Amino acid sequence: MGGEQVTGVEEAVGRAAGAGPLLLGVRHHGPGSARAVRAALEEARPRVVLIEGPPEADALIPLAADEEMRPPVALLAHAVDEPGRSAFWPLAEFSPEWVAIRWALEHDVPARFIDLPATHTLAWGRQEDEAGVEGETSLDAETADSEGDSGPGPASGPASELEPELEPGPGPGPADVRIDPLGVLAETAGYDDPERWWEDVVEHRGVGKGDALAPFTVLEEAMGALRETYGSGGHDRDLVREAYMRLQVRAAQREFEDGVAVVCGAWHVPALRRKTTVAADKALLKGLPKVKTDMTWVPWTHRRLSRVSGYGAGIDSPGWYGHLFSAPDRPVERWMTKVAGLLRAEDRLVSSAHVIEAVRLAETLAAMRGRPLPGLSETTDAVRAVMCEGSDVPLALVQDRLVVGDVLGEVPSAAPAVPLQRDLARLQRRLRLKPDALERELELDLRKETDAARSRLLHRLRLLGIAWGEPAASRGSTGTFRETWRLRWEPELSVRVAEAGVWGTTVLSAATAKAEADAVTAQGLADVTALAERCLLAELPDALPTVMRILADRAALDTDVGQLAQALPALVRSLRYGDVRGTDTGALGEVAAGLAERVFVGLPPACAALDADGAEEMRRHVDAVHGAVGLLGDAPAAGQGHLRARWQSVLRVLCGRDTVPGVIRGRAVRLLLDDGELAQEEAARLMGLVLSPGTPPADAAAWIEGFVGGGSGGGMLLVHDERLLGLVDAWLTGVPAEAFTDVLPLLRRTFSAYEPGVRRTLGELVRRGPGAGSGATGAGSGIPGFAAELDPVRADAVLPVLRLLLGLDEVAEHIGKDLVGVTG
């Protein structure tokens, strides 16, 4: 590297004589490094503490002493004119940098960040994005795209420091040109696992009295040797960062002389010790790009610290490291107690004897493997053998809940935030929706004012791209007054909130502006109808007129029947949701009715001359339109009463045209039969015509698939109408051998979708030989579960359960309360 090197031992001896700053090389998120930093600072008592991190955050350091601050947290920097371009600097309770900050605040010592400013870090990422470069980032950090998905990052060892996660930006460079110092040192020491080596030499090693600087001395010597061999190790931008840090250290020395302590990545220590000129360092910094930047504190999670989430400079086991840092003594015994508590909460039989035996086994394994203390591998093996009975299923729960963990940090309300973030925090407090890193389900009853407000907030956030909650299927009720959400707060959502701040200062105004902009830029009619539905769900009355105007214009110009059919169901759902929320949907009903009329006119011609894939897609459109018309027919809007009759006439046209593919004709017949518009005798006649010898077997198989396939309950139809089953059976047995292999895939796809009980009953009927005019409920059928006549007593016994499943009792109770309120 050039320049004179001074060992850590010489530094410790010569500090009293003014031999430069105290350099404390650490590993990011290392509890051993954190303990060593605290011990070294207690012994050295510096006058100023310099920490690797963005200097723009110096004003935020005092907030670390706030009572509301709970790590893990992160410093968030984002470009003012492009909030989505951002970077995080995560800090956990066991991070050496956090320990240094807290020590400085507790002892009234100035603390400053000395890494390259975020204004340059974010500008670097912007330049590379514009150039389309796939190169290394300026920092060893995770890179994430604009959707917040984690990207890859380089492995991190004891050289890893407080380095940001960039979002968005290019990924790191090829792994073969970047050096993992921890891996090199572990291999040199004869270890095949870098993490196990680090635990043995640092995490499981206590700091003895008078030995506070020893860990930093050893690491500095090791890093000095590595940098002499590998140079910058493929981290070329580290040279620029190190030049800036040297300038900051010099400035602190001029101000505080020898009372300077520096907490930085161990990889950088030899470079900071190197003797260079001020002019040379400034030359490296000349011409760096800049971007205007804002910074704040945001909550972080243990899960986000782990490599499981893709954070390259993270750790495998943040929960385990947090335990090692916080356990005052007997860490293995305390860990086994935590594991036992978790497994007991999951109804597993774990006693104190299991804990004692697991501790003994872990200690025995550590002794056999030559380790100073049982590590994560030993405790995991012991838990698997003793508490999990060799099963990896409960062990996966321990890994997820304890080894990684779902701890979510908190930041004080005094932390800087964009106006949108403050409004969101206010709404969260008012609606009692606390962000949580652990996924949970939230059941909402939209008839209640608070639940309706919660629903509006979650829908507005989703429209803004802030996916705090995801809709889920409701259990126990299918009514539109029920909603189920899965909530989970991820740190990246803070970036999404900052990014959405460009649309407005409140959640309502931002969602309204975003909806109007999305309507203007929507690519297709279905996108606009989906947006109209989301506006109703989010209750955005100011945005709805703009969306409706664009929807009407697009619907009038769109001639693609498939697009029209795809757009109709979303409009109908919007009508239903609007009724529940008390929203005026008159204009929406008129557009939906007009859209349906255009579908009715264009559907028969659009169904002609389709290939197999096109026919299957059109069949799905027919199903969707049928469901939508069924709901529109019940709507009170004027001019919609005739829609059902018009649609039934369209279905009759479809089922009678030979140019229409068989799968569509069969489905049209089935829909008319289910609605009671087609007698069973007529349906049987149409099936008999299709299954006659004159029809190609492939077309007949497609007709059968449309009639009894596609999850439409066709299996039960065949079970209870043996006449139809007989027609299918007779046709199938008469298919020529040379054509059978062509129709078999269609038939297999049709019948494999049936439930096992339905298939078994059909098999029994076919084996017995279905007779004309006799159904599965006929006398003497011989099928278990069927009698000659209906049993009213047994049927009545099912009704309470059926009403509970359909939620009819709950609806009746609600209506009864309303009637009492009106009449009382």
Side-chain angles (χ1 to χ4, degrees), residues 3-27 33-65 91 95-117 161-162 207-221 223-224 241-278 281:
E4 180 183 355
Q5 299 288 336
V6 181
T7 67
V9 175
E10 292 169 340
E11 176 204 359
V13 175
R15 283 197 74 249
L22 173 64
L23 300 182
L24 304 178
V26 301
R27 179 193 187 185
S33 290
R35 287 193 300 267
V37 164
R38 183 163 54 193
L41 293 177
E42 286 289 347
E43 180 175 309
R45 296 285 174 166
R47 297 170 57 194
V48 64
V49 178
L50 306 182
I51 303 168
E52 192 170 338
E56 295 95 335
D58 283 351
L60 302 176
I61 290 178
L63 291 173
L91 291 166
S95 298
E97 297 82 5
W98 178 260
V99 170
I101 291 173
R102 292 286 301 176
W103 185 92
L105 293 174
E106 291 168 2
H107 293 80
D108 198 22
V109 172
R112 301 172 183 174
F113 288 117
I114 61 169
D115 200 357
L116 191 70
E161 60 282 322
L162 181 61
V207 178
K209 185 176 180 181
D211 195 28
L213 297 178
F216 307 107
T217 301
V218 174
L219 282 177
E220 180 175 348
E221 292 176 347
M223 293 302 152
R241 299 171 55 210
E242 289 160 355
Y244 187 87
M245 285 191 279
R246 282 193 295 266
L247 292 174
Q248 300 306 304
V249 172
R250 290 192 186 100
Q253 284 183 293
R254 288 194 298 269
E255 184 178 355
F256 297 97
E257 298 179 348
D258 296 324
V260 177
V262 180
V263 179
C264 65
W267 180 255
H268 299 306
V269 171
L272 298 187
R273 187 78 66 191
R274 180 184 176 189
K275 303 299 182 181
T276 61
T277 64
V278 174
D281 287 340

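Just so it is clear, the model here is predicted, and its values are computed rather than measured.
- Two residues are said to be in side-chain contact when any heavy atoms from C-beta on lie closer than 4.5 Å; Gln248 and Val260 fail this criterion.
- Taking every heavy atom of both residues into account, Pro96 and Ala34 meet most closely at CG-N, 3.8 Å.
- Contact check for Leu22 versus Val262: no side-chain heavy atoms found under the 4.5 Å cut-off.
- Shown here are the salt bridge (charged side-chain N to carboxylate O under 4.0 Å, His left out) partners of Arg112, two or more places apart in sequence or in another chain: Glu255.
- Summarising the geometry of Asp115 relative to Pro55, their closest heavy-atom pair is O-CD, 3.0 Å, with the distance given to 0.1 Å.
- With hydrogens and angles disregarded, a donor-acceptor distance shorter than 3.5 Å links the side chain of Glu52 to the backbone of Gly265.
- With no hydrogens or angles considered, no side-chain donor-acceptor pair links Ser95 and Arg27 at under 3.5 Å.
- The two residues Leu23 and Phe216 make their nearest non-hydrogen contact at O-CB, 4.3 Å.
- With Asp281 contributing its side chain and Tyr244 its backbone, the two residues share no donor-acceptor pair below 3.5 Å.
- Residue Ile101 holds its CD1 atom at 12.0 Å from CD of Glu106, rounded to the nearest 0.5 Å.
- For the pair Arg274 and Glu242, the salt-bridge criterion is not met [side-chain N within less than 4.0 Å of a carboxylate O].
- Heavy atoms only, all atoms of each residue included: Met223 and Pro270 are closest at C-CG, 3.7 Å.
- Note that CD1 of Ile114 is 6.5 Å distant from SG of Cys264, once rounded to the nearest 0.5 Å.
- Annotation for Arg273 and Pro21: closest pair NH1-O, 3.5 Å, computed over non-hydrogen atoms.
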Are Arg246 and Thr277 close enough, and set up right, to give a side chain to side chain donor-acceptor pair (under 3.5 Å), and what steps lead you there? CA-CA 10 Å; Arg246 282 193 295 266; Thr277 64; over 6 Å; no
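- Within the 3.5 Å criterion, the main-chain N or O of Trp103 finds a donor-acceptor partner in the side chain of His107.
- Heavy atoms from other residues, nucleotides or ligands lying under 6.0 Å from CD of Glu257 number 12 at most.
- Closest approach of Phe113 and Gly53 over heavy atoms only: CB-O, 3.2 Å.
- Annotation: side chain of Leu105 is in contact with side chain of Ile61 (closest heavy-atom distance under 4.5 Å).
- A distance-only check finds no donor-acceptor pair linking the side chain of Arg102 to the backbone of Val99 [under 3.5 Å].
- In this structure, the side chains of Leu41 and Pro46 come closer than 4.5 Å at one or more pairs of heavy atoms.
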Check the pair Val37, Val26 against side-chain contact (heavy atoms from CB on, under 4.5 Å), reporting the backbone distance first and the verdict last. CA-CA 8 Å; Val37 164; Val26 301; 3.5 Å; yes
